[in-house]
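Just so you know, ligand 1 is whichever comes first in the structure, and atom 1 is the first atom listed for that ligand.
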Amino acid sequence: MLTEVTGLILRSVNVGESDRLITVFTKEMGNVTAMVKGARSLRNKNMPSTQQYCYSSIILYKKGDKLWVRESNLIEGFFGIRESLDRLGLAGYIVEVLSEVTTAEPDAELLRLSLNCLYAISSGKYPLEKIKAAFEIRALSIIGFMPEVLSCRDCHKSSSDFFFDIMGGNIQCRACRDDYILKNPIIDPASTESRIVTLLSEGARTALAYLVHCPQERLFSFSVSDEDMKLVSNACEEYLVNQLERSFKSLDFYKEVRH
Ligand SMILES: [Zn+2]
């Protein structure tokens, strides 16, 4: 039986002499793995549309216990991604995170976010820091880790300096945090037992809340000072790495080539 899907190629691994094993985040079936026969030959019609970062329509069939690609057609290649190492690094990080969080359940919103971010990288229209932070916090929000960043968890104030509790996924204003530390003297800020917190200025908190709650098509249309952007970047990255409880090789690579 043939099944038609559309999806983003997250990984493409060479197998044997000329075949390819692809991992695709599809609109219809979530994360799918399939073999592409002869895909590394330049003459193969499936070669250009089964490479990493391609968004393609794919016809699958089942043989034995494996899925195979009968035919594939490129919808969007995001070719601008390959124009610089830092663009490639960020795209690599996005697909590595997707490989970690996608399942056999479809997730149209997460797929749309991923395509928007890859398009933004490829177009060169937005700073990579903005795209990275937006992807991190929004992807986590979509998969069930939406942080509460609209106001202080204790007094519900929305203007102040804030501390973002990375593990708890909420924020505390400076006054409430001082009060909390006073009442819980056992919490030594230097100890590894203390929760991971990152500082958010008022501007950084506003930007973070925007990234979590804005309509997706307006995701990169926010303005923030360079200083506040650094706080946002740090908060989003810490949140992703700690909530998913793992490190990402591609993130290390991105940071290496970005500086
Ligand atoms: Zn407060």
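- Tested against Y93, the residues K249, E136, K255 include a single side-chain hydrogen bond (donor to acceptor under 3.5 Å, both in side chains) partner, E136.
- The shortest distance between side-chain heavy atoms of E129 and R258 falls below 4.5 Å.
- The closest donor-acceptor contact from the side chain of Q52 to the backbone of L10 lies under 3.5 Å.
- Counting only protein N, O or S atoms closer than 2.8 Å to the Zn ion (ligand 1) gives 4.
- Listed by chain and number, the residues in a side-chain contact (heavy atoms from CB on, under 4.5 Å) with E217 are R112, P215 (sequence neighbours excluded).
- Applying the side-chain contact (heavy atoms from CB on, under 4.5 Å) rule to S160 yields the partners K157, F162, C173, R174; only residues at least two apart in sequence or on another chain are considered.
- For the salt bridge (Lys or Arg N to Asp or Glu O under 4.0 Å) test, no residue two or more places apart in sequence or in another chain qualifies with R11.
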